[in-house]
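In listed order, ligands and their atoms are each counted from 1. Just so you know, residue 1 is the first one in the sequence shown, and it goes up from there. All values reported here derive from a predicted model rather than from experimental measurement.
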Amino acid sequence: MKDIHKRITELKKKHQAIILAHNYEPPEIQEIADITGDSLGLSVDAAKLENPVIVFCGVRFMAESAAILAPGKKVILPQPDCGCGLADMADAAALREKRRQHPDAVVVTYVNSSAAVKAESDICCTSGNAVNVIKSLPPDKEIIFVPDRNLGAYVTKVTGRPMILWDGVCPIHDAITAEDVIRARENHPEALVIAHPECRAEVSELADAVLSTGGMSAYVAGSETREFIIVTEEGMIHPLSQAHPDRIFHPVKKGGMICPDMKMISLVDLANALETLAPVITVPESIADRARLALERMLAVPRN
Ligand code: 13P
């Protein structure tokens with residue numbers, strides 16, 4: 001273990017590389033990363049980093065976004081097969097057809113989508129800024145929201161803006177039920193419930209707060225409560241426990257809350273990627289240029 005850490009550190013220095021990791025990545029990957037965070041935070045960082053090499057420990061759409069936002073940088077995804085079940089639920093041709101049916105609509109696309117789908121969109125959003133992105137749009141505009149219908153429904157509830165929702169879900173979040181939350185509350189009556197907005201409405205409605213993974217950590221920091229029930233991918237328990245060792249975090253249920261794509265990258269993969277500077281994630285320029293516009297419009301929306 002010590003040897004591989006040493007190898008990664010040396011190679012990182014040699015290539016002036018920086019390691020970014022999403023909050024759902026395995027603990028050993030998060031611990032060796034230079035920056036960890038949610039999709040919004042990592043996109044913002046990728047856009048402004050000076051390092052010539054960015055090693056992205058996350059899933060493919062995240063590495064693609066980094067490559068689009070940091071043209072000229074080498075963006076490496078240590079395991080090229082890390083996909084996203086939700087991103088796979090929308091494709092560019094189907095979105096073009098939807099646009100044809102609603103020619104005046106604004107297309108808002110959640111970052112959990114392919115670069116080709118982002119290229120067909122007007123503006124992107126993450127779970128951390130979706131409400132602000134929708135509020136930034138002209139009030140009379142029809143909105144097509146792609147691809148997560150649960151996040152879309154949640155944003156509609158908060159903003160009062162009806163939207164045409166794409167029929168996609170994150171299979172992990174969508175499998176969590178109201179009964180799971182009710183049972184967890186019975187087992188931990190003192191705990192506050194924090195849910196991710198990719199959960200179904202029946203789950204979000206039972207939560208004390210609905211937040212991105214980065215928002216969860218900030219919420220705990222600002223709360224006096226000691227115990228929390230965490231309603232998202234189980235990997236999130238690790239960064240919360242690291243950042244707040246004085247608190248107790250319970251996953252909403254045992255089992256079934258692990259995203260296999262987020263667990264694919266090992267320390268050996270990371271070391272090999274730094275050794276070979278591969279696999280590099282590239283996005284064809286014709287797609288990247290249009291997708292960048294949608295991502296940059298999102299980054300221009302004020303954060304609160
Ligand atoms: P966050 O942006 O909240 O980290 O969510 C990323 C994600 O893929 C959730 O499934």
Side-chain angles (χ1 to χ4, degrees), residues 20-26 29-30 33 35-47 56-66 69 77 82-90 108-115 117-118 124-133 145-155 158 166 168-176 194-200 203-204 207 209-220 228 230-240 242-243 251-252 256-265 295 298-299 301 303:
L20 269 51
H22 186 266
N23 286 324
Y24 296 158
E25 284 293 307
I29 297 292
Q30 293 196 37
I35 304 175
T36 56
D38 66 4
S39 308
L40 179 58
L42 294 176
S43 302
V44 171
D45 289 329
F56 210 114
C57 298
V59 293
R60 177 169 276 268
F61 76 80
M62 297 180 176
E64 277 185 352
S65 293
L69 288 168
L77 180 63
C82 301
C84 169
L86 171 57
D88 291 345
M89 291 184 191
V108 180
T109 294
Y110 187 34
V111 287
N112 297 40
S113 53
S114 67
V117 166
K118 289 183 179 79
C124 289
C125 72
T126 72
S127 58
N129 63 13
V131 166
N132 284 356
V133 165
F145 191 87
V146 185
D148 190 323
R149 65 164 192 250
N150 288 336
L151 174 62
Y154 172 72
V155 172
V158 175
W166 199 267
V169 290
C170 160
I172 312 294
H173 286 94
D174 195 58
I176 303 167
I194 318 178
H196 195 276
E198 285 180 21
C199 294
R200 295 182 197 178
V203 169
S204 299
V210 178
L211 296 161
S212 72
T213 61
M216 289 182 183
S217 201
Y219 180 84
V220 171
F228 298 86
I230 301 303
V231 193
T232 190
E233 209 272 353
E234 217 173 296
M236 190 57 206
I237 301 287
H238 176 75
L240 285 171
Q242 291 292 110
V252 68
M257 294 213 309
I258 292 185
C259 169
D261 291 278
M262 284 284 186
K263 310 300 173 204
M264 277 189 191
I265 298 172
L295 282 164
M298 166 187 89
L299 294 176
V301 172
R303 295 168 82 174

Trainee: Got a second to check how far Lys118's NZ is from Glu64's CD, nearest 0.5 Å?
Mentor: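 That separation rounds to 6.5 Å.
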Trainee: For atom 5 (O) of ligand 1, what's the nearest protein heavy atom and its distance?
Mentor: His196 NE2, 3.3 Å
Trainee: Could you tell me the residue and atom name of the protein heavy atom closest to atom 6 (C) of ligand 1, and the distance to it rounded to 0.1 Å?
Mentor: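 Result: Ser39 OG, 3.3 Å.
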Trainee: Which residue owns the protein heavy atom closest to atom 1 (P) of ligand 1, what's the atom, and how far is it?
Mentor: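 Heavy-atom neighbour on the protein nearest atom 1 (P) of ligand 1: Ser127 OG, 3.5 Å.
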Trainee: Do any N/O atoms on Asn112 end up under 3.5 angstrom from N/O atoms on ligand 1?
Mentor: yes
Trainee: Using a 3.5 Å cut-off on N or O atoms only, is Glu198 in polar contact with ligand 1?
Mentor: yes
Trainee: Using modelled atom types only, decide if a donor and an acceptor are shared between the side chain of Arg60 and the backbone of Gly83 within a distance under 3.5 Å.
Mentor: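 Not confirmed, Arg60 side chain does not pair with Gly83 backbone.
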Trainee: Roughly how far, to the nearest 0.5 Å, is CZ of Phe56 from CG of Leu42?
Mentor: 4.5 Å
Trainee: Taking atom types as modelled, find out whether Ser39 and Tyr110 have a side-chain donor-acceptor pair closer than 3.5 angstrom.
Mentor: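 No, no side-chain donor-acceptor pair sits under 3.5 Å.
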Trainee: May I ask you to decide if the ring planes of Phe228 and Tyr219 are parallel, tilted or perpendicular, using 30° and 60° as cut-offs?
Mentor: perpendicular
Trainee: State if Glu233 counts as touching ligand 1 under the rule of any non-hydrogen atom under 4.0 Å.
Mentor: no
Trainee: Show which atoms of ligand 1 fall inside a sub-4.0 Å distance from at least one heavy-atom site of Ser212.
Mentor: 3 (O)
Trainee: What are the atoms of ligand 1, with element, lying closer than 4.0 Å to any heavy atom of Tyr24?
Mentor: 7 (C), 9 (C), 10 (O)
Trainee: Checking side-chain hydrogen bond (donor to acceptor under 3.5 Å, both in side chains) between Asn23 and each of Thr36, Asp38, Thr213, which is the one that passes?
Mentor: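 Of Thr36, Asp38, Thr213, side-chain hydrogen bond (donor to acceptor under 3.5 Å, both in side chains) with Asn23 is met by Thr213 alone.
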Trainee: Salt-bridge test for Glu233 and Lys263: reply yes if a basic N is under 4.0 Å from a carboxylate O, no otherwise.
Mentor: yes
Trainee: Within a distance under 4.0 Å of any heavy atom of His173, pick out the atoms of ligand 1 and give their elements.
Mentor: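 Heavy-atom distances to His173 below 4.0 Å select 10 (O).
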Trainee: Is it the side chain (CB and beyond), the backbone, both or neither of Thr213 that lies under 4.0 Å from ligand 1, heavy atoms counted?
Mentor: both
